[in-house]
Amino acid sequence: MTQDDPVTSSIRIDRPQVPVSHGSLLQFPEDPIACMRRLQRTHGDLAVLEQDGQRLVFVFSPELNHRVLSDHQVFHSRFFAVRGSRHSAQRRVTAGLLSQNGAEHRDTRRLLKDVFSRRVLPGYHGTICRLTEELLENWQVGDVRDLNAEMVQFMLRMTGALLFGLDDAVFATQLGRLIDHWVHQNHEVGMGALVSAQEFHQKYEKLLETASRLEDSIRLLFERHRRESHESVNVLSLLFEAQASQHQLTDEQLTGHATLLFAAAHLTTAHTFSWTLFLLAQHPAVMERVRQELTDNVAGDRPTPEELERLTYLDQVIRESMRVLPASAYSQRITAAPVTLGSAHLPPGTPVIFSQYITHHREDIYEHPDRFIPERWDQINPTAYEYLPFGAGPRMCIGAPLALAEIRTALTLILRKCHFRIVPQSTINGQVISTMLGPTSTMPAILLERSEIPEVSPISGSIHSLVELPPGAALLSSRRAA
Ligand code: HEM
């Protein structure tokens with residue numbers, strides 16, 4: 001069997017028949033988008049990948065997304081497949097929202113809702129502006145910057161400050177890198193748990209060690225936070241206030257929430273920044289229109305929240321960037337009870353995967369789905385299950401309003417200072433790692449005067465299999481792969 005021809009039989013999961021692809025389950029984590037595309041092409045909206053009796057079920061349509069994402073009694077979240085033993089650090093650091101279900105999940109959402117409510121959002125504006133201005137202080141026209149590295153570092157700093165009131169860039173970076181490493185290990189071991197192999201046992205031991213170090217760092221963070229005074233609003237202060245007033249939260253529970261919040265917040269937002277800047281650089285006409293909108297609507301050095309509200313084209317750019325290159329490319333649920341999904345009867349314990357990337361690239365929802373066309377948003381109004389960069393239903397991203405405030409504000413400040421041209425002949429690669437679609441290469445860009453509109457740069461790399469770029473963007477050697 002080749003990877004391009006995965007169907008070897010059609011077996012019953014239960015009546016009626018559902019076609020099953022037999023093949024290594026590990027082809028999915030190795031290249032999730034390529035694997036899901038193959039399955040969708042071969043089987044349509046519902047697909048099953050099976051190895052040695054273990055199955056991954058995939059849903060690709062808005063209707064099935066709706067079913068899986070709205071029925072939280074049956075489709076549970078188990079983001080961290082490996083919870084560790086009852087008294088382990090791994091159990092504690094994985095105790096955040098994404099591991100909770102039922103009433104426990106509902107209660108935590110209620111508690112965290114206040115912390116991320118629109119009422120609190122304006123309190124973050126000053127910090128977002130200040131940190132973006134600090135980033136821009138070091139940027140000079142003519143510099144060549146790796147936008148990917150810059151945005152990851154920027155978001156480590158921003159997330160540390162907004163979530164934890166951390167003004168210590170070194171500590172924020174160390175903590176962020178440790179969390180990324182731990183998330184990645186979880187993903188490797190979680191996928192490994194599906195197939196028994198010696199290397200995964202070794203990885204499991206390493207994961208437990210990382211979880212211990214991570215828990216120590218989070219405890220240190222709590223101690224520092226309680227010792228220091230904080231002028232600006234931050235999520236951890238609000239959580240400590242909730243802890244003091246409601247006596248519901250233990251420090252152990254807070255450890256799980258803090259870990260998850262940091263993990264969920266920083267790379268997703270960094271990737272969204274990188275992709276949006278990249279797409280703008282490769283679409284000069286869009287860059288020009290954004291420049292005009294900023295000139296017409298933003299008066300002072302810092303955009304006010306009211307001015308940001310008026311930037312409707314910039315909003316379409318962000319929306320379109322998150323459609324075509326969604327930082328969260330897929331997520332998963334696990335069945336908690338027997339359930340019929342489309343034509344399949346699934347037993348409890350079946351992993352079910354839905355994908356933002358695949359849904360957002362459906363031709364029956366979006367015309368020319370692989371192209372970046374912000375203007376399309378003048379005409380379309382997709383449902384919550386057709387456009388879901390932040391997920392949908394009861395587990396929809398709790399940090400979405402904060403993420404959008406960060407992206408709108410920082411992009412405005414950045415694009416009022418300079419424009420970018422991707423260095424011609426660069427290789428730009430993108431891949432899904434631990435559910436997140438991000439750049440996996442450098443993204444070198446030349447900083448231009450704001451008055452200068454860049455030319456499209458010819459580039460190579462796997463980016464051409466993810467998005468269709470304008471004429472002139474492909475080196476002859478890098479034709480679209482998919
Ligand atoms: C552009 C940035 C972001 C993207 C693309 C994103 C995407 C998502 C998605 C798709 C989900 C749903 C996952 C699922 O259904 O399995 C989610 C959940 C979540 N996100 Fe975000 N997110 C972003 C930023 C943030 C930020 C800034 C925070 C916190 C400050 C955050 C915290 C969370 C939490 C706690 C959950 C779990 C919600 C639950 O299980 O009830 N995210 N995010």
Side-chain angles (χ1 to χ4, degrees), residues 59 65-66 68-72 75-81 94-102 104-113 115-117 120-121 124 127-128 151-152 155-156 158-164 176 179 183 233-236 238-239 256-276 318-319 321-323 325-334 351-357 359-360 384-385 387-411 432 434-438:
V59 295
N65 288 344
H66 187 175
V68 170
L69 290 173
S70 57
D71 188 349
H72 58 293
F75 296 97
H76 276 191
S77 167
R78 204 185 66 181
F79 192 83
F80 297 101
T94 52
L97 261 183
L98 275 173
S99 299
Q100 297 181 333
N101 289 289
E104 191 187 22
H105 176 256
R106 191 198 54 220
D107 291 347
T108 309
R109 281 282 307 201
R110 215 172 268 159
L111 186 108
L112 290 180
K113 217 169 82 205
V115 171
F116 291 104
S117 73
V120 182
L121 274 188
Y124 299 118
T127 308
I128 298 173
M151 290 302 112
V152 169
M155 280 317 299
L156 282 171
M158 181 79 83
T159 309
L162 295 179
L163 294 192
F164 303 143
I179 290 181
V183 168
V233 65
N234 64 78
V235 168
L236 195 53
L238 297 170
L239 284 176
H257 295 322
T259 309
L260 175 70
L261 286 173
F262 202 101
H266 88 102
L267 270 184
T268 45
T269 318
H271 292 339
T272 305
F273 269 120
S274 300
W275 289 135
T276 308
I318 296 166
R319 230 179 287 168
S321 160
M322 297 185 80
R323 181 191 69 78
L325 292 171
S328 170
Y330 77 88
S331 192
Q332 68 199 58
R333 297 289 184 268
I334 191 133
V352 180
I353 289 151
F354 68 94
S355 167
Q356 287 90 345
Y357 182 90
T359 308
H360 292 178
Y385 298 92
Y387 179 69
L388 61 171
F390 290 108
R395 312 200 79 98
M396 187 177 164
C397 177
I398 204 164
L402 176 61
L404 287 173
E406 289 172 63
I407 295 166
R408 270 190 207 119
T409 314
L411 272 183
V432 178
S434 317
T435 77
M436 279 174 283
L437 173 60

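Just follow the structure's listing: the first ligand is 1, and inside any ligand the first atom is 1. Numbers for residues simply follow the sequence, beginning at 1. Below, each value reflects all heavy atoms present in this structure, side chains not excepted, and no hydrogens, waters or symmetry copies.
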- Query: Any sub-3.5 Å donor-acceptor pair from Asn101's side-chain atoms to Ser77's backbone N or O?
  - Reply: yes
- Query: Is Arg333 reaching over with its side chain to a backbone N or O of Val352, donor-acceptor style, under 3.5 angstrom?
  - Reply: no
- Query: Tell me: protein heavy atom nearest atom 16 (O) of ligand 1, and distance?
  - Reply: Ser331 OG, 2.6 Å
- Message: Among all the protein's non-hydrogen atoms, which is closest to atom 41 (O) of ligand 1, and how far away is it?
- Response: His105 NE2, 2.7 Å
- Report the nearest protein non-hydrogen atom to atom 7 (C) of ligand 1: residue, atom name, distance rounded to 0.1 Å. Pro389 O, 3.7 Å
- What residue and atom, counting heavy atoms only, is the protein's closest point to atom 1 (C) of ligand 1, and at what distance? Thr272 OG1, 3.4 Å
- Query: Does any N or O in the side chain of Thr409 come within less than 3.5 Å of the main-chain N or O of Glu406, such that one atom is a donor and the other an acceptor?
  - Reply: no
- Note on the structure: Under 4.0 Å from one or more heavy atoms of Ala403, ligand 1 contributes atoms 2 (C), 24 (C)
- Note on the structure: The answer for which part of Leu163 has a heavy atom under 4.0 Å from ligand 1 is side chain
- Message: How far is atom 27 (C) of ligand 1 from the closest protein heavy atom, and which atom is that?
- Response: Ala265 CB, 3.5 Å
- Query: Do Ser321 side-chain atoms and Trp275 backbone N/O form a donor-acceptor pair below 3.5 Å?
  - Reply: no
- Note on the structure: among protein heavy atoms, the one nearest atom 33 (C) of ligand 1 is Ala264 CB, 3.6 Å
- Message: Tell me whether Arg78 contacts the main-chain N or O of Gln332 through its side chain, where contact means a donor paired with an acceptor under 3.5 Å.
- Response: no
- Query: At a non-hydrogen distance cut-off of under 4.0 Å, which region of Thr269 contacts ligand 1 (side chain, backbone, both, or neither)?
  - Reply: both
- Query: Any idea which atoms of ligand 1 are less than 4.0 Å away from a heavy-atom of Gln356?
  - Reply: 10 (C)
- Query: By number and element, which atoms of ligand 1 are closer than 4.0 Å to a non-hydrogen atom of Gly391?
  - Reply: 10 (C)
- Item | Under 3.5 Å: donor-acceptor pair, side chain of Tyr387, backbone of Arg319 | yes
- Task: Over all heavy atoms of both residues, which pair between Phe390 and Ala403 is shortest? Give the atoms and the distance, please.
- Result: CE2-CB, 4.2 Å
- His271 (side chain) donor-acceptor with Met151 (main chain) under 3.5 angstrom: no
- Just need the protein heavy atom nearest to atom 34 (C) of ligand 1, so name the residue and atom and give the distance. Ile398 CG2, 3.9 Å
- Task: For Ala263 and Val183, work out which heavy atoms get closest and say how close.
- Result: CB-CG2, 3.8 Å
- Task: May I ask you to identify the nearest protein heavy atom to atom 19 (C) of ligand 1, giving residue, atom name and distance to one decimal place in Å?
- Result: Cys397 CA, 3.7 Å
- Task: Heavy-atom contacts with Ser328 under 4.0 Å: which atoms of ligand 1 show up? List them by number with element.
- Result: 10 (C)
- Message: Could you check whether any side-chain N or O of Ser274 sits under 3.5 Å from a backbone N or O of Ala270, counting only pairs where one atom can act as donor and the other as acceptor?
- Response: yes
- Message: Below 4.0 Å, non-hydrogen atoms only: which portion of Met322 touches ligand 1? Side chain, backbone, both or neither.
- Response: side chain
- Message: With a heavy-atom distance limit of 4.0 Å, tell me whether Gln332 approaches ligand 1 through its side chain, its backbone, both, or neither.
- Response: neither
- Message: Tell me whether Thr159 contacts the main-chain N or O of Phe262 through its side chain, where contact means a donor paired with an acceptor under 3.5 Å.
- Response: no
- Which atoms of ligand 1 have any heavy atom of Arg109 under 4.0 Å away? 38 (C), 39 (C), 41 (O)
- Note on the structure: The option among Arg106, Arg395, Met396, Arg333 carrying the non-hydrogen atom nearest to atom 15 (O) of ligand 1 is Arg333
- Message: If the contact criterion is a heavy-atom separation under 4.0 Å, does His257 count as touching ligand 1?
- Response: no
- Do His105 side-chain atoms and Gln100 backbone N/O form a donor-acceptor pair below 3.5 Å? no
- For Phe116, atoms of ligand 1 separated by under 4.0 Å from a heavy atom: 29 (C), 30 (C)
